[in-house]
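Each remark here refers to the structure printed beneath this line.
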Amino acid sequence: IYLILLEIMENDSGHLKHAATSLGKCEGLITLLRGTPHNASQKRVYLPTNIMMERDLSAQNVIREGPENQELREVFEIIAHRAQEHLNSCRLRQKYINREGSCVLLPAIAADSYLERLSQVECNVFDKKLTVRNSMLPFYL
């Protein structure tokens, strides 16, 4: 969606396009993590199978064990780390982006907030603290 916004703004900065792409990937991974508890309650698992197979996990482990499974937390940690890498890539490009283009990247603040709270609960996406709204977020924007 960020690339569509850039087209509407008629912005052709390569740095901004790369930053927007990285932010989109970051948000996709965060959405995957945030949706895991709900999807598991509906008996659906969308986590990457290759990462789960490396740790001898199946969809049933996610559905039945949830937060008690330490290997599952490692899967969440890997996904969160990849999201953080994309966010860092986005931030690296920000110094080459003008003020108008920076407005497109404001959702990075919300992504960073979620990843910070996730690290505080030790990558337990089932923790209820992650569902609490961050009332200070508008002030950070």
Side-chain angles (χ1 to χ4, degrees), residues 1-97 99-141:
I1 199 149
Y2 297 116
L3 295 178
I4 294 171
L5 287 173
L6 294 180
E7 288 296 322
I8 292 170
M9 294 171 50
E10 297 178 0
N11 193 320
D12 60 349
S13 168
H15 288 292
L16 185 55
K17 284 183 181 179
H18 183 78
T21 302
S22 294
L23 180 57
K25 291 176 185 177
C26 173
E27 283 190 337
L29 292 171
I30 287 174
T31 302
L32 175 69
L33 292 172
R34 290 181 70 192
T36 298
H38 173 73
N39 289 325
S41 71
Q42 302 294 314
K43 299 190 185 332
R44 297 180 297 215
V45 178
Y46 298 112
L47 298 172
T49 54
N50 59 340
I51 298 174
M52 290 180 57
M53 289 175 58
E54 289 173 3
R55 282 153 185 76
D56 295 325
L57 292 172
S58 67
Q60 292 302 317
N61 295 113
V62 179
I63 294 167
R64 291 183 186 152
E65 299 170 20
E68 290 86 30
N69 192 322
Q70 186 60 35
E71 289 85 15
L72 188 56
R73 284 192 185 187
E74 290 176 15
V75 170
F76 298 144
E77 187 175 339
I78 290 169
I79 295 170
H81 179 71
R82 289 184 184 168
Q84 186 68 50
E85 287 175 350
H86 288 298
L87 186 60
N88 291 342
S89 174
C90 176
R91 284 193 181 135
L92 177 71
R93 304 275 181 191
Q94 278 188 322
K95 58 185 168 187
Y96 303 110
I97 298 170
R99 184 169 171 83
E100 180 184 281
S102 294
C103 292
V104 175
L105 303 177
L106 283 176
I109 297 170
D112 186 42
S113 172
Y114 179 80
L115 289 173
E116 178 63 33
R117 289 185 297 150
L118 184 63
S119 69
Q120 289 173 357
V121 296
E122 298 174 354
C123 290
N124 180 7
V125 298
F126 295 93
D127 195 308
K128 297 295 181 195
K129 293 177 188 172
L130 294 174
T131 60
V132 176
R133 183 175 297 221
N134 183 356
S135 58
M136 294 300 291
L137 190 59
F139 295 110
Y140 297 141
L141 295 175

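This one's a predicted model, so the numbers in the text were calculated from it and none came from an experiment. Both backbone and side-chain heavy atoms feed into the values below; hydrogens, waters and symmetry mates do not.
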- Item | Nearest-0.5 Å distance that lies between atom CD in Glu54 and atom OG1 in Thr49 | 10.0 Å
- Donor-acceptor contact below 3.5 Å, side chain Asn69 vs main chain Gly66: no
- Are any non-hydrogen side-chain atoms of Glu71 and Val75 less than 4.5 angstrom apart? no
- Do you see a donor-acceptor pair shorter than 3.5 Å between the side chains of Glu85 and His81? yes
- Task: State the CZ-CZ distance between Phe126 and Arg73, to the nearest 0.5 angstrom.
- Result: 10.0 Å
- Message: If you define the side chain from C-beta out and look only at heavy atoms, does anything of Pro37 sit under 4.5 Å from Val125?
- Response: yes
- Item | Inter-residue atom distance His86.NE2 - Thr21.OG1, 0.5 Å rounding | 10.5 Å
- Derivation and outcome, side chain to side chain contact (heavy atoms under 4.5 Å, CB included), residues Leu72 and Val62: CA-CA 7 Å; Leu72 188 56; Val62 179; 3.6 Å; yes
- Is any side-chain heavy atom of Leu118 closer than 4.5 Å to a side-chain heavy atom of Leu130? yes
- Note on the structure: Tightest non-hydrogen contact, residues Cys26 and Leu115, listed as SG-CD1, 4.5 Å
- Any side-chain heavy atom of Arg82 within less than 4.5 Å of one from Ile51? yes
- Message: Contact between Asn124 and Lys129 at the side-chain level, heavy atoms closer than 4.5 Å - yes or no?
- Response: no
- Message: Would you say that Ile78 contacts Arg55 through its side chain, given a criterion of any heavy-atom pair below 4.5 Å between the two side chains?
- Response: yes
- Query: From Glu27 CD over to Cys90 SG, what is the distance, rounded to the nearest 0.5 angstrom?
  - Reply: 9.5 Å
- Are Gln84 and Asn88 close enough that a side-chain donor and a side-chain acceptor fall under 3.5 Å? yes
- Task: Please answer whether the main-chain N or O of Leu29 pairs with a side-chain N or O of Arg34 as donor and acceptor at a distance below 3.5 Å.
- Result: no
- For Arg93, the side-chain contact (heavy atoms from CB on, under 4.5 Å) test, sequence neighbours excluded, returns His15, His18, Ala19, Ile97
- Query: So Met52 and Val45, side chain to side chain contact (heavy atoms under 4.5 Å, CB included) or not? Walk me through it.
  - Reply: CA-CA 11 Å; Met52 290 180 57; Val45 178; 4.3 Å; yes
- Item | Neighbour count above 12 (heavy atom, 6.0 Å) for Arg44 CZ | yes
- Item | Point-to-point distance, once rounded to the nearest 0.5 Å, from OG1 of Thr31 to OH of Tyr114 | 9.5 Å
- Message: I'd like to know if the side chain of Asn39 pairs up with that of Thr36 as donor and acceptor (distance under 3.5 Å, no hydrogens or angles considered).
- Response: no
- Query: Side-chain contact, heavy-atom cut-off 4.5 Å: Leu16 with Leu105?
  - Reply: yes
- Query: What distance do Ser89 atom OG and Gln94 atom CD have between them, rounded to the nearest 0.5 Å?
  - Reply: 10.5 Å
- Query: Heavy-atom count around Glu122 CD within 6.0 Å, excluding the residue itself: above 12?
  - Reply: no
- Task: Please tell me if the side chains of Leu32 and Pro48 come closer than 4.5 Å, counting only heavy atoms from C-beta onward.
- Result: yes
- Query: Please walk me through it: do Asp127 and Gln120 pass side chain to side chain contact (heavy atoms under 4.5 Å, CB included)?
  - Reply: CA-CA 10 Å; Asp127 195 308; Gln120 289 173 357; over 6 Å; no
- Query: If every non-hydrogen atom of Ala108 is compared with every non-hydrogen atom of Leu87, which pair is closest and at what distance?
  - Reply: CB-CD1, 3.7 Å
- What do the steps show when you test Phe76 against Leu47 for side chain to side chain contact (heavy atoms under 4.5 Å, CB included), and what is the final call? CA-CA 9 Å; Phe76 298 144; Leu47 298 172; 3.7 Å; yes
